[in-house]
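Along the sequence shown, the residues carry numbers beginning at 1.
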Amino acid sequence: MTDKIERRVALISGASRGIGDHVAAELFRQGWAVSLGMRKPVMPAWAGSGDAADFVHLAEYDANDTGAEARWVADAMQRFGRVDAIIANAGIMIPKTVIEAEDEDIDAMLAVNVKAPRRLAKAAWEPLCESGQGRVIILASLSGKRVKSAGSGSYAVSKFAAVALSHAIRQAGFEKGVRATAVCPGFVATDMAAGLTARPAELLTQPADLARIITLLVSLPNEASVAEFAINCQLEESF
């Protein structure tokens, strides 16, 4: 293992596009070293200059590969000597009601939206605790807070579980300085949302704004723990 670098280190899953790409770019801009989990690792355009070669790490990561998290964390530790935060961003949605969905659909969403983030936190647990200020962000959804439509029902099942996962990690790590936050956005201007809403992209939450929120959350001190953070682009009764 290499000597521990001075910069804090964050692992971001689903970092090749959308929210993950923006979060990685913002963390890097704010002085973090970042390890980017991608199914097909490609250096992002924002990392094309400066000290990116020293502080941007690419990792082949598939959330459906049950051994991928351990390999990724080991690789990042070899490169940077520390892990201070994980951003579990990779996720999938199968837009079916709970009546239309088959077991295979539910299993697929639970595998990526719940089981993979749990394995990532488990794999990184030791360095997160050693950090004294370990941070875990679970990209959940407002669908993890309410069931807004029949078609989002089966997705909501997985996202309610993702919110519970974040709270469970928070409970497990609080005395060791680990703080977990369930980030719960509504529609974000990504490829996924484009097929789900008729609202123009400019009226949706922007990935860059979500990235600034997540960067703030992982930068807060232990004494300013945020268990959940809901973000919406439209008015709802509670969110």
Side-chain angles (χ1 to χ4, degrees), residues 2 4-63 68-69 71-92 112 116-117 120 124 127-128 131 133-141 181 183-195 200-220 229 231 233:
T2 188
K4 182 187 294 187
I5 65 171
E6 291 296 322
R7 292 191 186 199
R8 299 185 76 193
V9 175
L11 275 58
I12 304 103
S13 69
S16 61
R17 61 179 182 170
I19 296 169
D21 178 59
H22 281 81
V23 169
E26 181 64 18
L27 284 169
F28 180 69
R29 193 178 71 81
Q30 295 288 341
W32 288 66
V34 291
S35 179
L36 312 182
M38 304 171 168
R39 281 189 288 185
K40 296 181 179 179
V42 175
M43 190 63 75
W46 53 260
S49 61
D51 54 6
D54 294 329
F55 299 112
V56 178
H57 170 248
L58 303 183
E60 186 172 345
Y61 174 69
D62 184 338
E69 292 82 11
R71 293 195 300 272
W72 181 12
V73 171
D75 199 20
M77 287 295 290
Q78 183 67 32
R79 175 66 179 272
F80 295 129
R82 62 189 292 175
V83 174
D84 303 276
I86 61 172
I87 316 297
N89 165 69
I92 62 170
V112 175
L120 184 56
L128 286 171
S131 168
Q133 292 184 316
R135 298 291 180 262
V136 176
I137 298 291
I138 303 294
L139 253 299
S141 168
T181 306
V183 173
C184 301
F187 287 122
V188 181
T190 62
D191 294 344
M192 179 187 289
E202 63 270 22
L203 297 182
L204 306 181
T205 299
Q206 298 302 304
D209 292 325
L210 197 52
R212 291 192 296 125
I213 291 168
I214 290 170
T215 300
L216 169 65
L217 290 171
V218 299
S219 301
L220 292 171
F229 199 106
I231 307 107
C233 62

Heavy-atom donor-acceptor pair, [X] side chain to [Y] backbone, under 3.5 Å:
| X | Y | result |
| --- | --- | --- |
| T190 | G18 | no |
| T215 | A211 | yes |
| D21 | S16 | no |
| Q206 | A201 | yes |
| D62 | R39 | no |
| T181 | I137 | no |
| R135 | A10 | no |

Can you see which heavy atom on [X] is nearest to which on [Y], and at what distance?
| X | Y | result |
| --- | --- | --- |
| P127 | M77 | CB-SD, 3.9 Å |
| A63 | A116 | O-CB, 3.5 Å |
| C233 | L203 | CB-O, 3.4 Å |
| A90 | S13 | N-OG, 3.0 Å |
| S131 | G134 | OG-N, 3.7 Å |
| A85 | L128 | N-CD2, 3.7 Å |

- prompt: Just wondering, are more than 12 heavy atoms of other shown residues or ligands nearer than 6.0 Å to CD in E202?
  reply: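 Yes, enclosed.
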
Using side-chain heavy atoms (C-beta onward) and a distance below 4.5 Å, is [X] in contact with [Y]?
| X | Y | answer |
| --- | --- | --- |
| M43 | L58 | yes |
| V23 | L210 | no |
| I214 | F229 | no |
| V56 | L36 | yes |

Atom pair [atom1]/[atom2] of [X] and [Y] - distance to nearest 0.5 Å:
| X | Y | atom1 | atom2 | value |
| --- | --- | --- | --- | --- |
| I138 | C184 | CD1 | SG | 10.5 Å |
| I87 | I19 | CD1 | CD1 | 12.0 Å |
| F80 | R8 | CZ | CZ | 14.5 Å |
| H22 | L27 | NE2 | CG | 13.0 Å |
| F55 | R79 | CZ | CZ | 9.0 Å |
| Y61 | E69 | OH | CD | 3.5 Å |

message: Under a 3.5 Å cutoff, is there a donor and acceptor pairing between the side chains of H57 and D75?
response: yes

- request: Sequence neighbours left out, what passes salt bridge (charged side-chain N to carboxylate O under 4.0 Å, His left out) with D84? Give chain and number order.
  value: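 D84 satisfies salt bridge (charged side-chain N to carboxylate O under 4.0 Å, His left out) with R82 once adjacent residues are dropped.
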
- prompt: salt bridge (charged side-chain N to carboxylate O under 4.0 Å, His left out) with R7: which residues, sequence neighbours excluded?
  reply: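 Per chain and number, R7 pairs via salt bridge (charged side-chain N to carboxylate O under 4.0 Å, His left out) with D51.
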
query: Taking the six-membered ring for Trp, are F28 and W46 parallel (under 30°), tilted (30 to 60°) or perpendicular (over 60°)?
result: tilted

- prompt: Quick one: salt bridge (Lys or Arg N to Asp or Glu O under 4.0 Å) pairs with a partner in residues 23-37, sequence neighbours left out?
  reply: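 Salt bridge (Lys or Arg N to Asp or Glu O under 4.0 Å) check on residues 23-37 returns E26-R29.
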
- request: Check the pair T205 / F187 against side chain to side chain contact (heavy atoms under 4.5 Å, CB included), numbers first and verdict last.
  value: CA-CA 6 Å; T205 299; F187 287 122; over 6 Å; no

